[in-house]
Amino acid sequence: MINLDNLNPQQREAVTTTEGPVLVVAGAGSGKTLVLTYRIAYLISLGISPSSILALTFTNKAASEMKERIRKLVGKSADYIFMGTFHSIFARILRHEAHLIGYTKEYSIYDTDESENVIKGIMKDFNISENHFSPRFIQSVISKAKNKLISKENGLEKFFGVYNKKLIEIYEEYIRRLKNSNAMDFDDLLIKPIELFSSNKEILEKYRERFNYILVDEYQDTNTAQYYLLKMLINENKNICCVGDDAQSIYKWRGAEVRNILEFNKDFPETKIVRLEQNYRSTKSILAVADSVIKNNVYQIPKTLWTSNEEGDKVNIIVCFDERDEANLVARKITALISTGKIRPRDIAVLYRTNSQSRNFEETFLRSSIPYIIVGGIEFYKRKEVKDILAYLKLLVNPKDDESFLRIVNFPARGIGDVSIENLKLIANRNEKSLFHSIPDLVEDKDVSERIKKNFQSFYNLISKYLTLVHQKNYYEVIKSFIDEIKILQVFKEEGTEDGIQRYENIIQLFNSIQEFQVNNPDKSLTDYLSEISLIADIDNWEDRKNSVVLMTLHAAKGLEFKVVFLVGCEEGLLPLKRDGDVEDIEEERRLFYVGCTRAMKQLYLTYARNRNRFGNSYPQVQSRFLDEIDKNHVIVEATPLAEIYLKKNNNYRTIIEDDYNQIEEIERINYSSLNLKPGSIVQHDVFGKGRVIYLEGYGDHQKVIVEFKSGIKKHLMVKYANLKVIK
DNA sequence: GCAATTTACTTTTTT
DNA sequence: AGTAAATTGC
C-alpha cells in the first residue's frame with residue numbers, strides 16, 4: 001500500500017475517493033500534482049490495472065514528469081498507464097481506428113501554419129481577396145467552430161456572422177481538402193474521435209470498458225470537444241477525477257470553457273468536491289498580493305487560499321525607464337541574487353505576456369553573462385529547413401498529403417515552377433486525386449512539354465522508390481539515404497553563410513532526434529515519430545537540468561514554480577494585453593497575472609516600463625491596473641535611477657540618450673556589484689593584504705577592479721578570481 | 001526561374 | 001526594428 005502520511009486530510013480524501021466522480025478544486029501551489037500522482041499510484045496499489053487508467057494532462061512535459069514520479073512509487077507498471085495530452089492520446093487512438101472513418105493510419109497532422117496554407121490555397125482558387133479576410137483570421141474562426149462542435153447543422157451560419165456565405169464555402173472546402181490529403185488539424189484530433197465513437201458504438205464500448213478510471217489535469221482549460229469526449233468515454237461507474245483551478249483558466253481564447261469546471265457537479269450530480277486551499281509554495285506576502293488582485297474577478301468560485309509559510313520578503317514593484325532599462329535592472333538583480341550563493345540561476349524565472357519581450361532580456365543576459373534559456377519563440381520543429389525535411393517524410397508516409405507535396409516539390413529546385421504546379425492542381429482537381437497521384441495523369445497529357453514531364457516523372461520516381469522502404473523497421477537508414485539522394489544538405493552547405501551552416505546543423509540535429517527515437521522506441525514507426533513531434537509544445541523541450549535562468553510566457557509557466565519570479569512588462573495594453581480593434585478579456589488577463597505571481601516561492605518582482613518600443617517607435621506606458629489593485633501592505637515600490645530622471649524631468653524623456661544610459665549603468669553596476677564594491681572600498685587580498693579600490697569596471701563575472709595595496713602596488717584584478725573580502 | 005531589392009506586416013497567448 | 005512576403009530585374 002502507498003504511504004499517504006505526507007498528504008493533508010483533503011489531499012488524502014482526493015486520493016482515496018477512487019469510485020464515482022470527484023472534482024478537486026486545487027488552488028495554486030496546493031499540491032495538485034502530488035494528488036494526481038498519489039491517486040494513480042494508489043489505484044495501482046489497490047490492484048487496478050494500469051492500462052485501465054486514462055490520465056489526461058495539459059502538456060507532454062506534465063505527463064512524462066508525472067509518469068516518472070508514479071514509477072518511483074509503484075515501479076515499472078506505471079509504463080502501462082494511458083497518460084498524455086488529449087491530443088496525443090486521441091491521435092494514438094485514431095491511428096488504430098483511422099480506417100473506420102476513411103483515413104489511413106499514416107494520416108498527417110497539420111499544424112496551424114499548414115492549416116493556414118490550405119486556407120490560402122482555397123482563397124486563391126475561389127478568388128477571395130486576402131485583403132477582405134485574412135487567412136489567419138479564417139483559420140482561427142474555423143478552429144473555434146470546430147472545437148466548439150459547431151457544425152453546419154447547428155448554427156455555423158450564425159457563428160460565422162455577416163460573411164457566413166463565403167466563410168461556409170471556405171470551411172467546407174477546407175474540410176474536403178484535409179480529408180483528401182489524409183490529414184487532420186489539431187481540432188480534428190478531438191473531433192474525429194467523437195465522429196468515430198458516434199458512428200461505431202462497439203468501438204466506443206471498447207474504450208469505455210478499457211478506461212475505467214479517468215483523470216483530467218488542468219480541467220479549467222478543457223474545451224467543448226474535450227468535454228464531450230470525456231462525457232462519451234465515462235462508463236457507468238463514472239470514475240472520473242478532474243483537477244483544476246478556475247482562477248488559473250487562461251486558454252479561453254483557444255476555446256477553453258471555464259463552465260466545465262464551474263458546472264462539473266451539474267454534469268455529475270453525485271460529485272464529491274474536494275477543495276485544496278492550503279498553499280505550500282509561496283510566502284504570505286506573495287499570496288496576499290496575488291489574492292488582492294484575483295479577488296477583483298467577478299466570475300469565479302469563491303475560495304480562500306492560505307499558507308502556513310513565513311511572511312517572507314515584500315513583493316517588489318519596480319518602475320523602469322524603458323524596456324532596455326527593465327532588462328538591465330532584472331540582470332542586475334539576478335546577478336546580485338546569484339552572488340549571494342543562496343539562489344541558483346535555475347531558481348529564477350522571467351515571465352512575460354508576449355514572446356517578443358524576450359529579445360531585450362536575451363541581449364542583456366548575454367552581455368551580463370547570465371546563463372539563460374528561452375522557452376518558446378521560434379521552436380526547433382518550426383524552422384524552415386526542419387519543416388522542409390519533415391514535409392518530405394510526411395509525403396513518404398502519406399503521399400496524399402498535398403500541403404507537404406507543395407512545400408517540397410520544387411525544393412531543392414528541380415525545374416517545377418508555379419505554372420506547372422497550377423497545371424497539376426487542375427488535373428488533380430478534375431480527377432479528385434491528390435497532387436502526387438496526379439503526376440501520372442499529367443505525364444499522359446499531350447499539351448505538357450517534354451521537359452516538364454521529365455522533371456515531374458523523376459520526382460515521382462524518387463518518391464515512389466522510397467514509399468515502401470520508409471515503412472521498414474530501420475527507417476532511419478532509409479531516410480538518410482533518401483536525404484543523400486535529394487542533396488538537400490549540400491544546398492545548405494554550399495551556401496557557406498553562417499545561416500546555411502546553422503541550417504545544416506539543424507538538419508543533422510533532426511536526424512539525431514529521429515535516430516534516437518528509433519532506438520528508444522523499437523516498436524514504433526516513422527509515422528509515430530512524425531505524430532509525436534507535431535504535438536510537442538515548447539515547454540516540453542525544456543530540461544530544467546540545465547542551471548539557467550528561464551525566460552518564458554505566462555502561459556508556458558502554468559504549473560511551474562520558481563524561488564524567484566520576475567513578472568515583467570506590467571503595463572496597460574501589455575498585461576492586460578490589448579490589441580488594436582480587440583476587446584480585451586480583462587478577467588482572463590487578470591488570471592494570467594495571478595498565474596504569474598503564484599509561480600513564485602520566495603521572491604516576486606513586478607516590473608514595468610514608462611516607455612516601450614513597439615514596431616520601432618517608443619510609446620509612453622501606464623502601469624497595469626493589476627498593480628493598482630495590489631494590497632500595498634505587502635509591497636515596496638522603487639524606481640531605477642533612469643526612471644527617477646524621467647520622473648524629475650517630467651515627461652521630457654526624449655532628452656535621455658546614450659550618455660545617460662552609460663552613466664547610469666555605471667552607477668548601477670557599482671550599486672549592484674556582487675561584493676558591493678565601491679571606489680574607495682577597503683578590501684583584503686590573500687596575497688597582497690589590505691588595499692583600497694581606486695577603479696571599478698563591469699559587473700558580474702566580468703567585473704574588474706584596480707586596487708591600490710598598502711605596499712603601494714596597484715593591481716588590476718578580476719573580482720571573480722581575486723577572492724577579495726570587503727572590509728569597509 | 002532565380003537573386004536582389006522593396007514592401008508589408010508584426011506582438012497575443014498554443015495543442 | 002526585424003522579418004517575411006512580394007515585386008522587380010536579370
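Note that these values count all heavy atoms, side chains included, but never hydrogens, waters or copies made by symmetry. Only a predicted model underlies this, so the values are computations on that prediction, with no experimental measurement involved. Every chain is numbered from 1 and lettered A, B, ... according to where its sequence line falls, protein lines coming before strand lines.
Mapping A/His555 and A/Ala413 onto DNA chain B by nearest heavy atom places A/Ala413 at the nucleotide closer to the 5' end. Annotation: of the two residues near DNA chain B, A/Leu592 and A/Arg414, the 5′-most nearest-nucleotide partner is A/Arg414.
In this structure, A/Arg259 forms a cation-pi arrangement with A/Tyr227, its terminal cationic atom sitting closer than 6.0 Å to the ring centre and no more than 45° off the ring axis.
Side-chain proximity of A/Leu577 to B/dT12, B/dT11, B/dT14: nearest is B/dT12. Distance from the side chain of A/Phe186 is smallest to B/dT15 among B/dT15, B/dT12, B/dT14. Looking at the side chain of A/Ser356, the nearest of the listed nucleotides B/dT12, B/dC2, B/dT11 is B/dT11.
Considering only side-chain N and O atoms, A/Asn355 lies under 4.0 angstrom from the phosphate OP1 or OP2 of B/dT13. Residue A/Asn147 places no side-chain N or O under 4.0 Å from the OP1 or OP2 atom of B/dT15. Not one side-chain nitrogen or oxygen of A/Arg136 sits closer than 4.0 Å to the OP1 or OP2 atom of B/dT12.
Rounding to whole angstrom units, CZ of residue A/Arg612 and P of B/dT11 are separated by 16 Å. Between A/Glu588 atom CD and B/dT13 atom C1' the separation is 9 Å, expressed in whole Å.
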Which atom pairs link the protein and nucleotides 1-10 of chain C when you take only N or O atoms and keep those under 3.5 Å?
| from | atom 1 | to | atom 2 | distance (Å) |
| --- | --- | --- | --- | --- |
| C/dG2 | O3' | A/Arg359 | NH2 | 3.4 |
| C/dT3 | OP1 | A/Arg359 | NH2 | 3.3 |

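For A/Phe58 and A/Tyr251, the distance between ring centers is under 6.0 angstrom. Side-chain rings of A/Phe361 and A/Tyr372 stay apart, their centers remaining 6.0 Å or farther from each other.
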How far apart are the C-alpha atoms of A/Phe459 and A/Phe405, what are their side-chain angles, what is the distance that settles it, and do they pass the ring-ring contact (aromatic ring centres under 6.0 Å, His included) test? CA-CA 11 Å; A/Phe459 176 74; A/Phe405 179 93; 5.7 Å; yes
Trace of the side chain to side chain donor-acceptor pair (under 3.5 Å) decision for A/Asp185 with A/Tyr174: CA-CA 10 Å; A/Asp185 64 18; A/Tyr174 173 76; 2.7 Å; yes
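A donor and an acceptor atom sit less than 3.5 Å apart, one in the side chain of A/Thr112 and one in the base of B/dT15.
Taking the six-membered ring where tryptophan is involved, the planes of A/Tyr207 and A/Phe211 are essentially parallel, since the angle between them stays under 30° and well short of 60°. Using a 30° and 60° split on the angle between ring planes, A/Phe566 and A/Tyr605 fall in the parallel class, below 30°.
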